Amino acid sequence: MAQLTYRNAVARGIAQEMRRDERVVLIGEDVAGAGGVFKTTEGLLDEFGPRRVVDTPISEQAILGAAMGAAMTGLRPVAEIMFADFFAVCWDIVANQIAKTRYMTNGQVTVPLVIKSGNGGSLRFGAQHSQSVENWAMAVPGLKVVTPATPRDVVGLMAAAVRSDDPVLFFEHKGLYAMKSEVPDGEIVDELGKAVIRRAGTDATILSLGLTVGRALDAAAQLASSGIEAEVIDVRSLVPLDIRTILASLNKTGRLFTVEENPRLLGWGAEIASIVADEGFWDLDGPVQRITTPYIPLPAADSLEDLVIPSADLVAATVTKALRS
Amino acid sequence: MRYPLSEHDYGAHPAVLPPDDPTRHDGDAVPLPVRLDLYRKMQEMRLFEKRAYDLFMRQLVKGTSHLSLGMEAIAAGFGAALRADDLTFATYRGHAHTLARGVPMTPVLAELLGRSNGLMGGKGGSMHLTSVEHGVLGSYAIIGAHLTIANGAAWSAQYRGSGQVTVCFFGDGTTNIGAFHEALNYAAVFQLPVVFVCENNLYMEYTPIADITAVPRPAADRSSAYGLDPVAIDGNDADEVYLTATTAVQRARAGGGPSLIEAVTYRHGGHSRADPGKYRPADEVEAWKRYDPITVYRGRLQRLGIDQASMDRIDKEVAAEVDRATEEAIAGDLPSPATALTELWADGGSSWHN
């Protein structure tokens, strides 16, 4: 057991899979010599050499096209899109090509690749380097979508993503890169589509993802001091979605809150709220409440960014108000 | 600012005429069996697509289609130059390129008809023909994307040491989209075993390529930016295509890196089913129809001593094959409704939650 940062866990997860499988290769801008602009791929060039860890030009379409073509023909590439915002310049390759090709070819082609990307806000990078774009990916059939919230999960979910025969968008939260916690020694492999209950409770279910997991846990601690026991679920995997864990929790608590970093419209929590309306309605003791960033691009100034991304205080206040009203 | 349509009326631009000497390549070193095969392949593409067009007119084929009528020499010439395990990427105008790799007509036609015996069970359609077992790694319908994907297949072949070469076909309009330039640079940087083939049929959909491109030769004049030799060939002469393809493919296989080839050709019809192609000067259309790749090749074979009867026999055999494929395709069942929800994921299903 060792303390590991979230950023170092990324390299550890990739290294674990590269050691195991010669077909796993890594490409992206500055991922090799520089070890990644966020230092998430440090050490991989030294261990695996320039044939398997490759610096590319600033050509996001070329990067993802190369990953796709290689995945179609026997490799299992991990490609980095430096900031998730940059998906906008290569979305054709993601949404039209990678996601659809297996279906269109009636299963002739599989596309086993991972696209890792620095996602999310809280670093004061402004509107074009801070977005949480999981819901872009969720809207396209054919993409698996995961967001780890802890260093341990970074390793386990990266392994699951690399071993998946389907394309996986692996959203690393930039605001968590410096987070440090215990990671067990040895191989760690998770399963896609499994949520984790981070804190058990009986009064309310709080769904969280990535950065908001810690904020939801902080909120739950605040709530506990005023006698409200909240259950905090780290959703981890949006596609596939572990709706059973969510519905079981709701069955126990009777109230559901989502804490989403994405702007309000069609965030991941909206889909879950919709399923709950279908399948969990009679378990609800009150309305599902979504706590999200408002319908705005993210502002750069720290005071403004802190104001709009859901905080622990906002979560605690929202839950308290809902349960006490 | 320059506005092309203030310099000439729409459709009244200067005609671009084909070469005037169809005998130039009579003496080229192409073995006669290869030549007969090229002739047969071109006829297969021609008669297949004419039938596809007829079936559209009978409303048996739905949606849209993009035909290669008049452009067959390129797909045929490259097809003949490839090893069976080489990989090809085509566009939405990909019927000919699919047949060029030896994919049988019936599943291709059945796919156009949306039948269960279609190449992809009706889930891809005309614009996405794919047959992995024939090395046809797909037909792509968003301009430019597949150049980048072809790079990946080439990278994989290089990494695996398989010796496979990847060939990627696209149109002249593609040379003006970003993905083209990203892909060319990427292929050149990593010296990938890939051959990019620009089928320059002089029209980007409904607009002359010359009106909206900064250089006269849309692909060849861009090659120097990527350290590649400029190569522009007569895309209506199957021998010139075949020899150029052989050289480029051998070079790629030997580790010599990528090539960019501009093959100048002409489509007999419009861009797609909806387009009668009326924006082209009449003398240009007439000249290119006379310089039809099959007419050119038939004349050559005749000069080389193949009698008309032998070629007529090939034509008849191909026509019978098209008839048989038509019957088999039309006789195919509609796809089972359950298949609409299969093969999204590698587990065969489309489930997104537990």
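By convention in this document, chain letters (A, B, ...) are assigned in the order of the sequence lines, proteins followed by strands, and residues within each chain are numbered from 1. None of these values were measured; they are calculated from a predicted model.
Expressed to the nearest 0.5 Å, how far CG of A:L64 lies from OG1 of B:T148 amounts to 8.0 Å. The distance from atom CE of A:M68 to atom NE2 of B:H146, rounded to the nearest 0.5 Å, is 11.5 Å. Atom CG in A:D92 sits 5.0 Å away from atom CD1 in B:I142 (nearest 0.5 Å). Here the CG atom belonging to B:N151 is positioned 12.0 Å from the CD1 atom belonging to A:I63, to the nearest 0.5 angstrom. Atoms CD and SG, from B:E182 and A:C90 in turn, are 8.5 Å apart once rounded to the nearest 0.5 Å. Taking CG of A:L143 as the start and CG of B:L344 as the end, the distance is 8.5 Å to the nearest 0.5 Å.
Within a 6.0 Å radius of NZ in A:K252, more than 12 heavy atoms belonging to other residues, nucleotides or ligands are found. Under a cut-off of 6.0 angstrom, the local environment of CD in A:Q128 is sparse, with at most 12 non-hydrogen atoms contributed by other residues, nucleotides or ligands. When the shell of 6.0 Å around CD1 of B:I212 is examined, it contains more than 12 heavy atoms from other residues, nucleotides or ligands. Residue B:I330 qualifies as enclosed at atom CD1: its count of foreign heavy atoms under 6.0 Å is above 12.
Taking B:L192, B:T166, B:I149, B:T339 one by one and counting their heavy-atom pairs under 4.5 Å with chain A, the maximum is reached by B:I149. Ranked by heavy-atom pairs shorter than 4.5 Å toward chain B, the options A:R52, A:M104, A:M72 are led by A:M104. When B:A141, B:G121, B:A179 are compared by the number of non-hydrogen pairs under 4.5 Å with chain A, B:A179 comes out ahead. Most heavy-atom pairs under 4.5 Å with chain B, from the set A:Q61, A:R102, A:M138, A:R244: that is A:R102. Heavy-atom pairs under 4.5 Å with chain B were tallied for A:G142, A:G107, A:P240; the largest tally goes to A:G142. Contact count versus chain A (heavy atoms, under 4.5 Å) is highest, among B:A153, B:G122, B:G118, for B:A153. Between chain B and the options A:T110, A:N106, A:I93, heavy-atom pairs under 4.5 Å are most frequent for A:N106.
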side-chain hydrogen bond (donor to acceptor under 3.5 Å, both in side chains) between A:T73 and B:S156: does it pass, once the steps are laid out? CA-CA 6 Å; A:T73 52; B:S156 165; 2.8 Å; yes
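A cation-pi contact, defined as under 6.0 Å to the ring centre and within 45° of the axis, is absent between A:K144 and B:W352.
The contact between A:V25 and chain B is made entirely by side chain atoms (from C-beta outward), counting heavy-atom distances below 4.5 Å. Looking at A:E60, the atoms closer than 4.5 Å to chain B (heavy atoms on both sides) all sit in the backbone: N, CA, C or O. Residue contact with chain A, scored on non-hydrogen atoms closer than 4.5 Å, is absent for B:L129. Heavy atoms of B:V132 lying under 4.5 Å from chain A belong to its backbone as well as its side chain. Residue contact with chain B, scored on non-hydrogen atoms closer than 4.5 Å, involves the side chain of A:N96 exclusively. With a 4.5 Å cut-off on non-hydrogen atoms, B:A150 does not touch chain A at all.
A:T105 places none of its side-chain heavy atoms less than 4.5 Å from the side chain of B:H128. In this structure the side chain of A:V239 never reaches within 4.5 angstrom of the side chain of B:H353, judged on heavy atoms. Residues B:W155 and A:I27 have side chains in contact (heavy-atom distance under 4.5 Å, counting atoms from C-beta outward).
Remark: side-chain polar atoms of B:Y159 are not paired, donor with acceptor, to backbone N or O of A:A70 under 3.5 angstrom. For the pair A:D165 (side chain) and B:A346 (backbone), a donor-acceptor distance under 3.5 Å is absent. Between the side chain of B:E343 and the backbone N or O of A:Y103, no donor-acceptor pair lies under 3.5 Å. Judged by distance alone, with hydrogens and angles left aside, the side-chain atoms of A:Q108 form a donor-acceptor pair with the main-chain N or O of B:T130 at under 3.5 Å.
Across A:V54 and B:F190, no two heavy atoms sit closer than the pair CG1-CE2, 3.4 Å. Between B:N354 and A:G193, the shortest heavy-atom distance links the atoms ND2-O, 4.4 Å.
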